[in-house]
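Right, one structure below, let's go through it.
Because the structure is a prediction, the values reported are computed rather than measured. Just follow the structure's listing: the first ligand is 1, and inside any ligand the first atom is 1.
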Amino acid sequence: MRIVLLGPPGAGKGTQSVVLEEKLGIIQLSTGDMLRSAVASASSIGKQIKSLMESGSLVSDEVIVEMISERISKSDCSNGFILDGCPRTLAQAKALDIMLAKENMALDYVIEMSVDAEKMVQRIVGRFNCQSCGAGYHDEFKTPQTAGTCDHCDKPDFQRRSDDNPETIRKRLKAYDDQTAPLLPFYRDKSLLHTINAMAPIDRVTSDLEAIFC
Ligand code: ADP
Ligand code: AMP
């Protein structure tokens, strides 16, 4: 099964991808995570994109298309994947269709995670992750069961993203409205689009997603 999760920063794409990976037995491909790894490794692409990401701008379609095309050709994607954070522009969506068609594949579902954009600032400012296993948490909405310790790996080290600050968040939300929201009619016309209420509590969003796939 090949799924795209569409929604502004903070909509819960990463949170739900982790659950879906386990339930559906397919992997999450987060372009944001891949780009952050490139920046952390100080590769030549990483050096080119660091300041763009820090400022909340989108990375070029060329970089994304090459990165995702290489990634989905790997054997661990043969059963399918959950794309989190990609495509983000019409050019990326069209390139994705072409690269899948070359392998006789196509997307099965595109999920619009519909939210109140104003509430996303609170979600993103409160977000933190386990440095060791990547598990995601929130100061208010998803706290670790034992304060200061990751529920999944028991490690005590958490981190916050440097682009999760109010100024950058505004810019990222605007980038979503301007450049990513046009993908909604694009996928609706292909009869792939399903919309869920991603303002509901995390467990409710999970069960609404399961009702679509399972
Ligand atoms: P995205 O990947 O779409 O940017 P995340 O999955 O990282 O969003 O979620 C952003 C923050 O909001 C995280 O701290 C997460 O724990 C929290 N969160 C996710 N979904 C919900 C929800 N339905 N209700 C409340 N908080 C949520
Ligand atoms: P995310 O982790 O999805 O919130 O993405 C973090 C940042 O990575 C974004 O603000 C962009 O700078 C960059 N990014 C991630 N995915 C894409 C994409 N598909 N196209 C362009 N830029 C992206």
Nitrogen or oxygen of [X] less than 3.5 angstrom from that of ligand 1:
X    : answer
F141 : no
F128 : no
Y137 : yes

query: If you measure from each non-hydrogen atom of A200 to ligand 1, which part falls under 4.0 Å: side chain, backbone, both or neither?
result: backbone
[atom]: which protein heavy atom is closest, and how many Å away?
atom                    : result
atom 22 (N) of ligand 2 : V59 N, 3.0 Å
atom 12 (O) of ligand 2 : S57 O, 2.6 Å
atom 5 (O) of ligand 2  : R88 NH2, 3.4 Å
atom 7 (C) of ligand 2  : M53 CE, 3.8 Å

Less than 3.5 Å between some nitrogen or oxygen of [X] and one of ligand 2, yes or no?
X   : value
I64 : no
S30 : no
Q92 : yes

field: G136 heavy atom under 4.0 Å from ligand 1
entry: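 Heavy atoms of G136 never come under 4.0 Å of ligand 1.
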query: Strictly under 4.0 Å, does any heavy atom of G10 approach an atom of ligand 1?
result: yes
- line: Heavy atoms of D33 and S30 approach each other most closely as N-OG, 2.9 Å
field: Best match, T31, L83, L35: closest heavy atom to atom 14 (N) of ligand 2
entry: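 Among T31, L83, L35, the closest heavy atom to atom 14 (N) of ligand 2 belongs to L35.
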query: With a 4.0 Å cut-off on heavy atoms, does R161 reach ligand 2?
result: yes
